[in-house]
Structures are given as structure tokens and as C-alpha cells.
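Quick notes on the structure that follows.
A note on names: the letters A, B, ... follow the listed sequences, proteins ahead of strands, and every chain is numbered from 1.
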Amino acid sequence: MLMVCYMKKTNSISKPVVQIENIVATVTLDQQLDLHEIERKVPRVEYNPDQFPGLVFRLDRPKITALIFKSGKMVVTGSKSTQELITAVKRIIKTFYNHGIKITGRPKIQIQNIVASANLNVDVNLEDAAYKLENNMYEPEQFPGLIHRMTDPYVVLLIFSSGKMVITGAKREEEVSKAVENIYKTLKELDCLVTKSEDEQEEEFF
Amino acid sequence: RYRKWQIRSRIQSSIDRNLAQAMNELDRLSNQLHLNRAVREEAAVIYRKAVEKGLVRGRSIESVIAASVYVACRLKKLPRTLDEISLHTRANRKEIARCYRLLVKELQLKVPIADPIDYIPRMGSLLDLSGKAMNIAARIVKIAKQKALTAGKDPAGLAAAAIYVATLLENEKRTQKEIANIAGVTEVTVRNRYKELVNELKLDIPEED
DNA sequence: AAATTACTTTATAAAGC
DNA sequence: GCTTTAAAAAGTAATTT
């Protein structure tokens, strides 16, 4: 079986490249915050309470953005790893502290969503996949990718004909790789992966 | 038991009132879109099921009717784009698309993937093309599918490009702009799809003088 | 007509309308 | 439902050069 795969196509055994692109996390500080005071004391913040209740604070390199609420909760987006996320939270708190916004107690960080990209390095027959997979939607008029809702792990995948994809909804990094393994196996079993010698004998026009 | 009958009766009359209003909207929209009887009836059946399942609660009759029409057109192989339908309703494209997904999920509708070939007859007749040219366009789409050139691409754009190629081959000249307008895509899209077809299908396009 | 910018889709939390 | 934020995928669209 494996032999056949080797002989048919070497790239069908190359491991998919998975990369985390964005982590969204909530941070809970055990204290209320005065957003107007923060707006006055901390430079480079955006605060338009009429438009959105959160105050926006941005970090450069890595580019991370925090939405800060008066309840002391915040949403931190843009990090590409847990370590980067933790470092960013510390930096935010230190910056605030340096500008006279005292924050005490340790922040509780919870990852809410992990967005990742992956490349199977094999073309995918999306029409086949759309008919053979469950819980999916493929509407090329609206979006070029096939949207697949995986049950276990509970994530959503956007699969493109190039074999590249987006995985989102994961709360742990291992769910991402698990999802990619699963979909790769499933697509292969359902014969939705395009082997080079497959899109061969076409009828000619002339 | 009497109360039960009373409740059921009240729900039924509510459904009836909704249906009466919805059928008026369906007629209006169908006339605007010049839909045939079969498509209208299909849309009516879908909408009735939606109301009976309580899917219209919290949504506007217009958006659900528009989505029903969109589904009916696709099922009857006479597709219209969401943009075209939204041109004739108060509901915007996003809302119609949302209702469409709801209908597909809740009514377990099996809507085939939009086929570029199905767009050809209507676009062709709006462009006043010959049946032969339309057949050639359909054949081009068929080959493009086999060569896996259609995945992820807007079916309207693919149909438009195939039609453009056919007009060149059949000498029934139409500008990319004319075709793009009728297809509801931009000239750039027609051009991009066209280039891909010519390259990948190795077509010999007659030279222009 | 090519380049740039921007929007489509997905998930996710926050507080409030 | 919406508002705001981040990021990727590939297609399409609107502007700019």
C-alpha cells in the first residue's frame, strides 16, 4: 500500500507544513480600569467608546494588539506562539505601570482561538471533497475555499485547491496538527488528492 | 384539548398570514427577475417549508424569499448570482447569503455546486449569441473542468470567459465589457479567466485585423 | 494593464447597544 | 445581530500609476 504511494507520487508522503498565524487570548486582571485615565496617561492608545467599549493598545515587533476593557479584561491578538503571547502581556502591563497605571496581581491568560495555515503540498479536488466530506460548504461564487467543520478536534478548516488551508477555532496547538493529519488522511482515503497522472486524458476540443 | 386546538389554530393563521405576504413578495421579485413558473413554484415550496419550520422568525420575509429564489434558481439549473438578486430586494447580499445557508442546513437541501455551464444559456441569449456559440462555450467549460481550472473560481466569471472565447471562435464579436456586464463580473476577471483558458487549452484564436 | 489596496470566508473573546 | 482586533488562504474588485 505504502509502496504504491511511493511509486505513484513522492509528494503525497511529504509532511504538511503547519504554521500558527495568530493567537487570540483573553487576559483577566483582577481590578477595574479607568479607560479615560489610561487614554490620558498612556501614549498611542485608541479609545472611541461611542464606537467600541474597548481601548486599543498596540505593540510593535511583534505586532500585537490588545483590546482593553474597563472590567479589567482584555483581548490580545496577533501573537504567533504562547511564549510571544505571555511576553506581550507582560510588556503591556509594564508599559501601563511605567505610565502610572498600577496593575497588581497576576493576569490570567486564556487562549481562545488559534489560527494556523498549512500546506499539504498536493492539489485537492474541491468538488469531489465537497460531495464526499460531511459538514462542509463549497460555494465558489462566494469564496474559493471549501469550508469544513471538523468534529474532532472541533475546528474549522478552509481548504483550497492548491492544497493550502487555514485552520481556525483551535484552543490548543496540538489540535491544529491533529486536524491537519485528519483531513489529510480523509482526503486521501476519499481520493480527493490530485495525483499528477490523474488529470490526464482530457477530451480534445478540436 | 380545546386549548391545544386554539394554539394550533393561532399558529396556523400566523403561518397563513406570513405566507400570503411572502407570496406577494415572491411574485414581485420573480417578475423583476423574469423567473419562469417552475422556479417560482420551487421557491414557493421552499419558503413554505421554511415558515413551517419557523426559520423566518427574527428574519425578514424579503431576505428569506430572496434566499428561496436563489436556491430555486440553482436547483432548476437557471442560476442567478446573489448580487443580481440583491439588486431587486431590500435585503443585502450578506443577509441573503446567510438565509441561504440556513435553508440549506435546516431543510437539508442538496444544492449541487454551481456549474458555469448553467450560466451560459441566459448570458448567451442576453448577448444574442447563436446556439452554436453557446454550445462551444459549454464545451470549453467542460474541458476546463477536466483540466481542473475551475476549482475555487467564480462560475459566472468562468462562463463569461468561455463565452468570450466562443465569440472569437465563431466570429460573433462581443466586447469583454459587454460580456462582463452581463455576467456581473469585471473585465479584469473575464480577461484573467480568458488568458488561462487560451493558455491551458492551447486554443488558436483567430487573429484580428 | 500592472500594481496596490481592500474586501469575501472562518473562529474567538471582550461590553454594550 | 453589530461594533473592534489579528491572521492566513485565493479570488475578485476598486483605485492608482
First encountered from the 5' end of DNA chain C, between A/G72 and B/Q176: B/Q176
Look at [X] and [N] and indicate whether a side-chain polar atom (N or O) is within less than 4.0 Å of OP1 or OP2.
X	N	result
A/R58	D/dA6	yes
A/R149	C/dA11	yes
A/S71	C/dA15	yes
A/K70	C/dA14	no
B/T186	D/dA13	yes
B/R98	D/dC2	yes
B/R101	C/dT10	yes

Note: A/R149-A/E134 ion pair, threshold 4.0 Å (strictly below): no
Test: A/E189 and A/K132 ion pair at under 4.0 Å: no
To the nearest angstrom, how far is [X] atom [atom1] from [N] atom [atom2]?
X	N	atom1	atom2	answer
A/E139	C/dT10	CD	C1'	15 Å
A/L67	D/dT4	CG	P	11 Å
A/I68	C/dA14	CD1	P	15 Å
B/N192	D/dT12	CG	P	8 Å

CD/B/Q21: more than 12 non-hydrogen atoms of other groups inside 6.0 Å: no
I want to verify a distance call: between [options], whose nearest atom is closest to the [X] side chain?
X	options	value
A/P144	D/dA13, D/dA6, D/dA10	D/dA10
B/K153	D/dG11, C/dT8, D/dA7	D/dG11
A/Q112	D/dA10, C/dT12, D/dT12	C/dT12
A/F160	C/dT10, D/dA8, D/dA10	D/dA10
A/T65	C/dA13, D/dA8, D/dT5	D/dT5
A/N113	D/dT3, C/dT12, D/dA6	C/dT12
A/P53	D/dA9, D/dA7, C/dA15	C/dA15
A/F52	C/dA11, C/dA14, D/dT5	C/dA14
B/V185	D/dT5, C/dA14, D/dA13	D/dA13
A/Q51	D/dA7, D/dT4, C/dA11	D/dT4

Derivation of the salt bridge (Lys or Arg N to Asp or Glu O under 4.0 Å) call for A/K73 and A/D30: CA-CA 8 Å; A/K73 290 185 176 182; A/D30 280 320; over 6 Å; no
Inter-nucleotide C1' distance (D/dA9, C/dA14), Å rounded: 27 Å
Whole-angstrom distance between C/dA15 and D/dA7, as gauged at atom P: 23 Å
Side-chain donor or acceptor of B/R28 paired with backbone N/O of B/H88 under 3.5 Å: yes
Distance, nearest 0.5 Å, that separates NZ of B/K132 from CG of B/L169: 9.5 Å
